Amino acid sequence: MLTPTDTPIAQEDHVAPSTPTIPGQAALDWSNLGFAYRPTRGIVRYTWKKGHWDQGVWQTDPTLQLHLGATALHYGQSCFEGLKAFAGADNQVRIFRPRCNAQRLAQSAERLCMPVVPESMFLEACAWAVRENLAFVPPYGSGASFYLRPLLIGSGATIGVAPSDEYTFVVLGIPVGDYYQGGLRPVTAVVTEHYDRAAPRGTGAIKTGANYAADLKPHTESLAQGYPINLYLDANQQGLIEEFGTSNFIALQGNTYLTPASPSILPSITNASLQTLAAHAGYTIRQRPLRIDEVATFDEVAACGTAVIITPVTRIVYKGETICIGPHPDQVPPQMQSLYQQLRHIQFRELPDSHQWMFAV
Ligand SMILES: *Cc1c(COP(=O)(O)O)cnc(C)c1O
């Protein structure tokens with residue numbers, strides 16, 4: 001496989017070759033990072049023209065010069081990924097399951113008539129963005145991590161409704177804080193009743209900006225009502241659970257791990273990883289249509305995704321009624337907590353990586 005050092009690197013900005021650095025050298029306030037953009041050393045950028053991707057460039061400028069006719073701006077020809085790199089207990093920096101993100105980005109690209117980013121290029125780009133920004137990778141022990149945001153957009157001047165003739169692939173990386181410094185916190189979710197996130201045969205299953213645009217208003221309204229996350233039901237019947245705005249729905253019921261089956265849910269890599277851990281812990285994994293009127297029978301419910309892994313949900317507001325989940329809605333659901341801890345330990349190399357999920361950069 002290609003690694004950044006195997007590849008001729010076009011130094012667009014004539015940056016001085018990076019001096020050897022170690023995670024955490026940027027000396028930021030690692031325990032108060034939050035989840036926000038902050039400047040780093042730079043980004044990686046590739047351009048697709050006439051059927052080919054170029055070799056990629058490293059640029060210190062975090063802005064793009066984009067033609068006003070770009071399809072990403074007008075027609076939403078845009079998709080992205082989200083994944084994390086961690087400095088482990090052995091001080092090695094590794095990315096969590098990047099091949100899964102490469103595959104998912106390929107699916108998104110295919111659905112939006114965009115050229116696929118080959119897996120080797122995706123891995124190279126992510127590793128490159130991490131290596132050049134090593135000083136901004138939070139040190140082991142801080143609980144913080146380095147969030148990678150690969151983005152693929154139609155960047156050609158194509159004002160007619162058609163796929164672009166030029167594409168730009170960038171990888172932006174930022175250090176992000178440990179969301180649960182004080183331990184997991186259960187939240188109350190609200191069912192979104194007046195909007196749909198995605199149509200059954202629409203773009204719900206791919207990671208495209210359009211789905212996030214559709215969720216902004218419902219999410220903002222939920223927040224204003226005091227609910228940090230909102231849950232979507234299926235657009236067709238409004239009776240089946242889909243997912244939260246930006247994270248999957250998972251539940252434990254007795255010895256069974258449940259997650260909805262639907263064509264309009266984003267296939268979460270966190271969900272897939274938690275399923276593997278749950279299966280090893282003796283749970284039966286069932287992916288099937290889940291009805292909203294079943295939630296009262298679940299022992300534990302959570303939202304899951306890369307950013308925070310698990311958000312325990314112990315109350316769900318539906319049609320004005322509050323449904324409590326499990327016997328102690330004010331406490332952290334213990335089995336979800338255990339799954340969360342296991343995944344964290346693997347990411348920080350505090351447990352053996354028995355599933356080969358960690359990719360060294
Ligand atoms: C990104 C995303 C998720 C979480 O996926 P992960 O791979 O676990 O980060 C869930 N739902 C939606 C709608 C998403 O966009």
Side-chain angles (χ1 to χ4, degrees), residues 35 76 78-86 95-109 111-112 122 126 145-152 171-174 176 179 187 189 192 195-200 202-219 222 228-235 241-251 257 259-278 285 287 290 301-313 336 339-340 342-344 346-347 355 357-359:
F35 195 92
S78 163
C79 55
F80 65 96
E81 274 305 322
L83 66 169
K84 282 179 167 181
F86 302 84
I95 306 175
F96 183 70
R97 307 195 77 176
R99 286 194 172 87
C100 297
N101 297 87
Q103 283 160 21
R104 193 168 64 185
L105 186 71
Q107 284 158 15
S108 300
R111 178 68 176 77
L112 299 174
F122 183 91
C126 289
S145 52
F146 193 72
Y147 182 74
L148 292 167
R149 171 54 66 83
L151 173 70
L152 174 62
V171 181
L172 169 75
I174 46 163
V176 295
Y179 186 74
V187 301
T192 293
Y195 306 98
D196 294 317
R197 174 183 168 272
T203 56
I206 61 163
K207 220 168 171 70
T208 178
N211 296 334
Y212 282 72
D215 176 53
L216 276 180
K217 188 172 162 73
H219 179 63
S222 304
I229 56 173
N230 53 319
L231 179 62
Y232 286 95
L233 302 182
D234 72 295
I241 297 169
E242 285 270 304
E243 62 176 318
F244 299 98
T246 61
S247 47
N248 273 190
F249 180 100
I250 61 174
Y257 179 114
T259 197
S262 156
S264 42
I265 292 176
L266 196 280
S268 154
I269 295 160
T270 312
N271 191 348
S273 309
L274 293 170
Q275 287 176 29
T276 300
L277 297 177
I285 312 300
Q287 185 160 18
L290 298 181
V301 165
C304 72
T306 294
V308 303
I309 302 180
I310 274 180
T311 303
V313 175
M336 289 293 183
L339 290 172
Y340 167 81
Q342 282 180 56
L343 192 52
R344 288 263 298 183
I346 292 172
Q347 291 177 331
H355 307 289
W357 285 339
M358 304 308 291
F359 177 87

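We count residues from 1, following the sequence as given. The analysis underlying the following values was restricted to heavy atoms, covering all of them including side chains, and did not include hydrogens, waters or symmetry mates. All of these numbers come straight from a predicted model, not from anything done at the bench. All ligand and atom numbering here is 1-based and tracks the order in the structure.
- Checking only distances, N271 never comes within under 3.5 Å of ligand 1, N or O to N or O.
- In terms of heavy-atom proximity, Y232 sits nearest to F244 at CD1-C, 4.3 Å.
- Here CD1 of I206 is found 10.0 Å from CG of L105. Values are rounded to the nearest 0.5 Å.
- If you number the atoms of ligand 1 from 1 as listed, the ones under 4.0 Å from a heavy atom of G245 come out as 13 (C).
- Assignment of N248 to the shell around ligand 1 is supported, since a heavy atom sits closer than 4.0 Å.
- Annotation for ligand 1: atoms under 4.0 Å from non-hydrogen atoms of R104 are 5 (O), 6 (P), 7 (O).
- Using a 4.0 Å cut-off between heavy atoms, R197 contacts ligand 1 through its side chain alone, with no backbone atom that close.
- For P267, the heavy-atom gap to ligand 1 stays at 4.0 angstrom or more.
- We find the CZ-CG distance between F359 and N101 to be 11.5 Å, quoted to the nearest 0.5 Å.
- E243 OE1, 2.7 Å is the protein heavy atom nearest to atom 11 (N) of ligand 1.
- Within a 6.0 Å sphere centred on OH of Y179, heavy atoms belonging to other residues, nucleotides or ligands number 12 at most.
- In this structure, the protein non-hydrogen atom closest to atom 2 (C) of ligand 1 is K207 NZ, 2.5 Å.
- Ring geometry for F86 versus F96: interplanar angle over 60°, hence perpendicular rather than tilted (30 to 60°).
- Heavy atoms of T246 found under 4.0 angstrom from ligand 1 belong exclusively to the backbone.
- Across all non-hydrogen atoms, the minimal contact from V187 to P228 is CB-CG, 3.7 Å.
- In terms of N/O distances under 3.5 Å, ligand 1 is approached by I269.
- The backbone of S247, and not its side chain, has at least one atom closer than 4.0 Å to an atom of ligand 1 (non-hydrogen atoms only; backbone = N, CA, C, O).
- Atom 9 (O) of ligand 1 has its closest protein heavy atom at T306 OG1, 2.5 Å.
- Ionic pairing of R104 and E81 is present here: one or more N-O contacts between side-chain nitrogen and carboxylate oxygen are shorter than 4.0 angstrom.
- Among T306, I310, N248, the one residue that satisfies the side-chain contact (heavy atoms from CB on, under 4.5 Å) test with T270 is T306.
- Atom SG in C79 sits 12.0 Å away from atom CZ in R111 (nearest 0.5 Å).
- Only side-chain heavy atoms of Y212 come within less than 4.0 Å of ligand 1; its backbone N, CA, C and O stay farther off.
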